[in-house]
Amino acid sequence: RGLSGATTKAIASEAGCSEAALYVHFESRLQLLLAVLEESLPDMLVPLRELEQLAGTATPAANLEKALTGIFAFHHRVTPTVCALFAEPALLAGYRKSLHDRNKGPHGAIARLRKYIAAEQKLGRIAQDVDAEIAATTLMANSFFRSFVEQFFDRSESFAPFCRRLVKSTIGSGKKP
């Protein structure tokens with residue numbers, strides 16, 4: 001039905017409950033949407049939190065690939081909904097405000113990736129000429145865009161080979177120049 005068709009009445013009907021029952025748990029359609037989006041957060045947050053502890057272990061590429069796989073799983077689940085928000089300016093504004101008020105959004109994941117890359121640079125495992133902010137943003141943006149393109153063209157390909165190439169081209173081989 002699309003996001004515009006995801007009214008509280010339609011959701012209640014699909015869930016087999018009354019519309020009033022929805023409002024017992026969610027004060028608005030926006031709150032319901034946020035709950036749906038947040039349900040996917042562990043896909044991304046668990047590997048990102050683990051990444052913080054992995055500096056100096058395994059390889060930077062392997063650690064980043066694991067985190068990026070989780071980020072991609074999150075993006076794959078939320079991209080259609082996030083894109084649909086642009087068709088409803090009021091809902092998009094509410095979503096933006098909610099992210100801002102709770103200090104959530106892509107900047108958090110980018111910050112964790114940046115912090116990890118910088119930690120590996122201090123250990124000499126990622127070259128100093130890699131811009132940690134650009135590398136982190138590049139990884140995050142490519143994950144989202146890959147998810148968008150796959151869903152837009154209704155095709156799915158293994159993320160692992162792409163992820164390996166992306167990480168390698170972003171942080172290099174890990175060898176000092």
Side-chain angles (χ1 to χ4, degrees), residues 33-34 36-87 89 92-153 155-177:
L33 174 66
L34 289 172
V36 169
L37 291 172
E38 292 214 8
E39 184 178 303
S40 301
L41 275 174
D43 290 340
M44 178 172 62
L45 291 180
V46 169
L48 278 173
R49 287 181 181 141
E50 289 173 357
L51 185 64
E52 293 176 2
Q53 308 305 315
L54 293 176
T57 68
T59 66
N63 294 336
L64 285 168
E65 287 169 26
K66 182 177 178 185
L68 199 55
T69 298
I71 292 168
F72 180 75
F74 171 76
H75 282 150
H76 203 325
R77 287 185 68 184
V78 304
T79 295
T81 304
V82 170
C83 289
L85 283 171
F86 285 89
L92 178 60
Y95 183 60
R96 283 179 179 148
K97 182 179 179 340
S98 172
L99 289 176
H100 180 268
D101 291 351
R102 297 175 307 137
N103 194 30
K104 291 193 173 186
H107 63 280
I110 291 169
R112 287 176 189 244
L113 290 167
R114 177 181 27 86
K115 183 177 175 184
Y116 170 78
I117 293 167
E120 290 288 14
Q121 286 176 311
K122 286 180 183 169
L123 295 172
R125 292 168 27 110
I126 295 178
Q128 292 298 315
D129 64 346
V130 171
D131 183 316
E133 179 73 23
I134 295 297
T137 302
T138 297
L139 294 171
M140 188 74 166
N142 272 276
S143 170
F144 182 83
F145 189 68
R146 173 71 181 240
S147 171
F148 174 82
V149 168
E150 282 191 7
Q151 293 181 64
F152 187 83
F153 288 107
R155 69 172 197 236
S156 183
E157 298 172 12
S158 173
F159 183 67
F162 173 81
C163 183
R164 264 189 303 283
R165 292 190 327 268
L166 174 61
V167 168
K168 184 178 180 183
S169 68
T170 303
I171 65 163
S173 64
K175 297 175 185 165
K176 290 183 181 181

*Before giving the answer on side chain to side chain donor-acceptor pair (under 3.5 Å), spell out for Thr170 and Thr138 the whole-Å C-alpha distance, their side-chain angles and the decisive distance to 0.1 Å.*
CA-CA 7 Å; Thr170 303; Thr138 297; 5.5 Å; no
*Is the backbone of Leu51 close enough, under 3.5 Å, to the side chain of Asn63 for a donor and an acceptor to pair up by distance?*
no
*Can you check whether Ile117 reaches Leu64 side chain to side chain, under 4.5 Å on heavy atoms?*
yes
*Would you check if the side chain of Ser98 reaches a backbone N or O of Gly94 as a donor-acceptor pair within less than 3.5 Å?*
no
*Taking all atoms of both residues into account, what is the closest heavy-atom pair of Ala109 and Met44, and its distance?*
CB-SD, 4.1 Å
*How long is the gap from CZ on Arg146 to OG on Ser156, to the nearest 0.5 Å?*
8.0 Å
*Given Arg165 and Ser169, is the side chain to side chain donor-acceptor pair (under 3.5 Å) satisfied, shown in steps?*
CA-CA 6 Å; Arg165 292 190 327 268; Ser169 68; over 6 Å; no
_Any non-hydrogen side-chain atom of Pro161 less than 4.5 Å from a side-chain atom of Ser158?_
yes
*Atom pair CG/SG of Leu68 and Cys163 - distance to nearest 0.5 Å*: 4.0 Å
*Glu52/Arg112 salt bridge by N-O under 4.0 Å criterion*: yes
*Got a sec, which pairs hit ring-ring contact (aromatic ring centres under 6.0 Å, His included) with one end in residues 45-76, sequence neighbours left out?*
Phe72-His76, Phe72-Phe159, His75-Phe144
*To the nearest 0.5 Å, tell me how far Phe145 CZ sits from Glu150 CD.*
11.5 Å
*Side-chain donor or acceptor of Gln121 paired with backbone N/O of Val130 under 3.5 Å*: yes
*Shortest non-hydrogen contact from Pro60 to Ile171?*
CB-CD1, 4.1 Å
*Arg114 side chain to Ile134 backbone, donor-acceptor under 3.5 Å*: no
*Do you know the tightest heavy-atom contact between Val167 and Ala61?*
CG1-CA, 3.7 Å
*asked:* Within a 6.0 Å radius of atom CD on Glu50, are there more than 12 heavy atoms belonging to other residues, nucleotides or ligands?
replied: yes
*Step-by-step side-chain contact (heavy atoms from CB on, under 4.5 Å) determination, Leu139 to Ile110*: CA-CA 8 Å; Leu139 294 171; Ile110 291 169; over 6 Å; no
*Quick one: does Asn142's side chain get under 4.5 Å of Phe162's, heavy atoms only?*
yes
_Residues that Arg155 engages under salt bridge (Lys or Arg N to Asp or Glu O under 4.0 Å), provided they are two or more places apart_ = Glu157
*asked:* So does Gly56 get a backbone contact from the side chain of Glu120, meaning a donor-acceptor N/O pair under 3.5 Å?
replied: yes
*Sequence neighbours left out, what passes salt bridge (Lys or Arg N to Asp or Glu O under 4.0 Å) with Lys122? Give chain and number order.*
none
*Looking at Leu54 and Tyr116, what are the two nearest heavy atoms and their distance?*
C-CE1, 4.0 Å
*Side-chain contact, heavy-atom cut-off 4.5 Å: Pro47 with Thr69?*
no
